[in-house]
Amino acid sequence: MSTPKFRIAICGGGVGGLTLAVALSRYPDIIVDVYEAAQSFYEIGAGVGIWPRAFKVLRKFGPDLEQQLLQCCGYECRTEEYVLAAKHRKGDQAVGTELFDLMTKGDLMRFHRAQFHGVLLSHVSPSCTTHNAKRLKSYTQPFKGRSRNTPITLTFTDGSTATCDVLIGADGIKSAVRSCMLRELSKGMNPDEKQSVLSCINPVWSGVTAYRTLISAEKLRARCPDHRGLREFTTYMGKDACLVVYPISLGQYVNFAGFTLQRDLVDTAYEIDAGIPRRSFDGKANNEWVGELTAEQFVKPFRHFEDDAKHLLECVERGTLWAVHTVKPLPSTNFGRVALIGDAAHAMMPFQGSGAGQSIEDAYFLATVLGHKSTTLETVPRALAIYDKLRRPFSADVAARSRLCGQLYAFQTDVPLHKLGDTITKNWEWAWLTELDDALKEGVRLVEDSSINIS
Ligand SMILES: Cc1cc2nc3c(=O)[nH]c(=O)nc-3n(C[C@H](O)[C@H](O)[C@H](O)COP(=O)(O)OP(=O)(O)OC[C@H]3O[C@@H](n4cnc5c(N)ncnc54)[C@H](O)[C@@H]3O)c2cc1C
């Protein structure tokens, strides 16, 4: 084995953290530790869709991983042709009407989250050490003079510590790494700049509440044998609310989510609905954004939707409620030898189903610049700055598009009904008509030619 060039700690083992661990497995001269707060690596039982752009990134991990992912979806191979990705209906009325079909170049791959996560986990190299029940509290990064390369110290909530040369915060929307990094970044700034940077630490409520559940396909079939949710992705659009349904797990389950969009409450503090108990998935009091829903609570905001949607609502047994929060656009996703990926860097609205895809892209890009033979411990800050330069504007643009998509779904714009199809499709085409490869090439060029100024 070659001499390690540096040690990377990945904080958080969600989609972004595990993708980064898999991507770094290709570089034997990098030692990787993953620190995950939960007792085990898990994902809640709901669906996640991966668009062609992000799926092409996953394919770079080789045929084994791709085959396993295809198997999860019951595909022998994917198509690169134009296919129907989702039907869109005006559903907030007694008799719904068709609005448009979203056609995409290549399939939207739809997964059960736990299965998707399981595939990634099975491809993390044995040389990468994973640590569970390690919730990061804070870190310290020595900076000045000779201490520039002194290890970063991680402190966990159980009182233990660890060290690393490079720290990647993949710790989701409430990122502890983001909180520490923005505090570091703001040191020495004038009071206004400082306040602006620190205001990005806490996520803000988007005014959107998500109602999520899985329905047994058998149950839906018994009620309505030919229900569209058993075979195709359908969005029921409505004034200030919408519903999304699609089959997953080889047709065993139907992923069903409802959204309410309160535009007067965008960027306000979320107030807990007293009627809904808040509990996290490990059963501990949470008191915050995620709660368990009874069937009645799930159904209530969507009672006025068409019969087709009502059949789905009648199958709901329980669900989870999510107050959808976002992270404000950050001034930077890196500082020194620390960087953020995924939701820690840019948690966004779910209306283009792209948050996980963006964490996958961040992770692959970051592994490419860090793993490149020209990158040494000395030049890690430059590699991270290149990541920030090429990835941050892109993910910010996706976040803005996701927000707009939600407004279009909820009839909150001036776009007339007959133009919604074109507008939504144009706003989303990046996810199947563009690739990460151009940014990767540019990233490698900037890593290889250190004379190019990247600021
Ligand atoms: C309703 C809804 C539907 C969505 N649908 C889609 C979709 O179809 N397609 C899509 O691409 N995206 C979708 N998303 C977005 C997607 O779920 C997220 O963007 C994605 O999970 C982010 O991955 P991540 O790895 O950055 O963060 P996370 O998945 O949140 O993972 C963070 C990990 O870090 C751990 N952690 C947290 N704090 C600490 C700490 N202090 N120390 C150590 N570990 C820590 C957590 O336990 C967790 O394992 C949806 C989101 C919502 C709300």
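Remember, it's 1-based here, ligands and their atoms both numbered in the order they're listed. Atom set for the values below is all heavy atoms of this structure, side chains included, hydrogens, waters and symmetry mates excluded.
Numbered from 1 in the order shown, with element, the atoms of ligand 1 that lie under 4.0 Å from a heavy atom of Cys11 read 42 (N), 43 (C). Each of the atoms 26 (O) of ligand 1 lies under 4.0 Å from some heavy atom of Gly342. The atoms of ligand 1 that sit less than 4.0 Å from any heavy atom of Gly172 are 27 (O), 30 (O), 32 (C). Applying the 4.0 Å criterion to heavy atoms of Gly49 picks out, from ligand 1, the atoms 7 (C), 8 (O), 9 (N), 10 (C), 11 (O). Every atom of ligand 1 with a heavy atom of Asp171 under 4.0 Å away is listed here by number and element: 32 (C), 34 (O), 36 (N), 37 (C), 38 (N), 39 (C), 45 (C). Heavy-atom contacts of Val15 reach the following atoms of ligand 1: 25 (O) (cutoff under 4.0 Å). Remark: ligand 1 atoms within the under-4.0 Å shell around heavy atoms of Gly357 are 11 (O).
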Where do Thr163 and Arg7 land on the side chain to side chain donor-acceptor pair (under 3.5 Å) test, with the steps shown first?
CA-CA 9 Å; Thr163 58; Arg7 294 170 304 150; 3.3 Å; yes

Asp33 and His131: side chain to side chain donor-acceptor pair (under 3.5 Å), yes or no, with the steps?
CA-CA 7 Å; Asp33 286 275; His131 312 258; 2.7 Å; yes

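Judged by the 6.0 Å and 45° rule, Arg53 forms a cation-pi pair with Phe394. A cation-pi arrangement, defined by a distance under 6.0 Å to the six-membered ring centre and an angle within 45 degrees of its axis, is absent between Lys56 and Trp51.
Side chain to side chain, Glu218 and Tyr253 fail the donor-acceptor criterion of an N or O pair below 3.5 Å.
Here Tyr35 has backbone heavy atoms under 4.0 Å from ligand 1, and that is the only part of it that gets that close. The backbone of Lys134, and not its side chain, has at least one atom closer than 4.0 Å to an atom of ligand 1 (non-hydrogen atoms only; backbone = N, CA, C, O). The proximity of Ser354 to ligand 1, defined as any non-hydrogen pair under 4.0 Å, is limited to the backbone.
Remark: ligand 1 and Ile173 share no N or O pair separated by less than 3.5 Å (distance only, no angle test). In terms of N/O distances under 3.5 Å, ligand 1 is not approached by Ala210. At least one N or O atom of Asp343 sits closer than 3.5 Å to an N or O atom of ligand 1. Backbone and side-chain nitrogen or oxygen atoms of Leu136 are examined, and one is located within less than 3.5 angstrom of a nitrogen or oxygen of ligand 1.
The residue among Ala170, Ser359, Ala431 with a heavy atom at the shortest distance from atom 32 (C) of ligand 1 is Ala170. Of the candidates Arg212, Gln39, Arg113, the one placing a heavy atom closest to atom 13 (C) of ligand 1 is Arg113. For atom 11 (O) of ligand 1, the choice among Ala38, Ala344, Ala356 with the nearest heavy atom turns out to be Ala356.
Within the 4.0 Å heavy-atom shell around ligand 1 one does not find Val324.
The closest side-chain heavy-atom distance from Thr104 to Val83 is below 4.5 Å. Side chains of Leu312 and Tyr236 form a contact here, defined as non-hydrogen atoms less than 4.5 Å apart.
The only member of Trp322, Phe351, Tyr409 that meets ring-ring contact (aromatic ring centres under 6.0 Å, His included) when paired with Phe259 is Phe351. If you run side-chain hydrogen bond (donor to acceptor under 3.5 Å, both in side chains) between Arg391 and each of Thr333, Asp362, Asn334, only Asp362 comes through.
Salt-bridge check for Asp422 with Lys426: failed, with every basic side-chain N at 4.0 Å or more from each acidic carboxylate O.
In terms of modelled atom types and a separation under 3.5 Å, the side chain of Asp107 and the main chain of Thr79 share a donor-acceptor contact.
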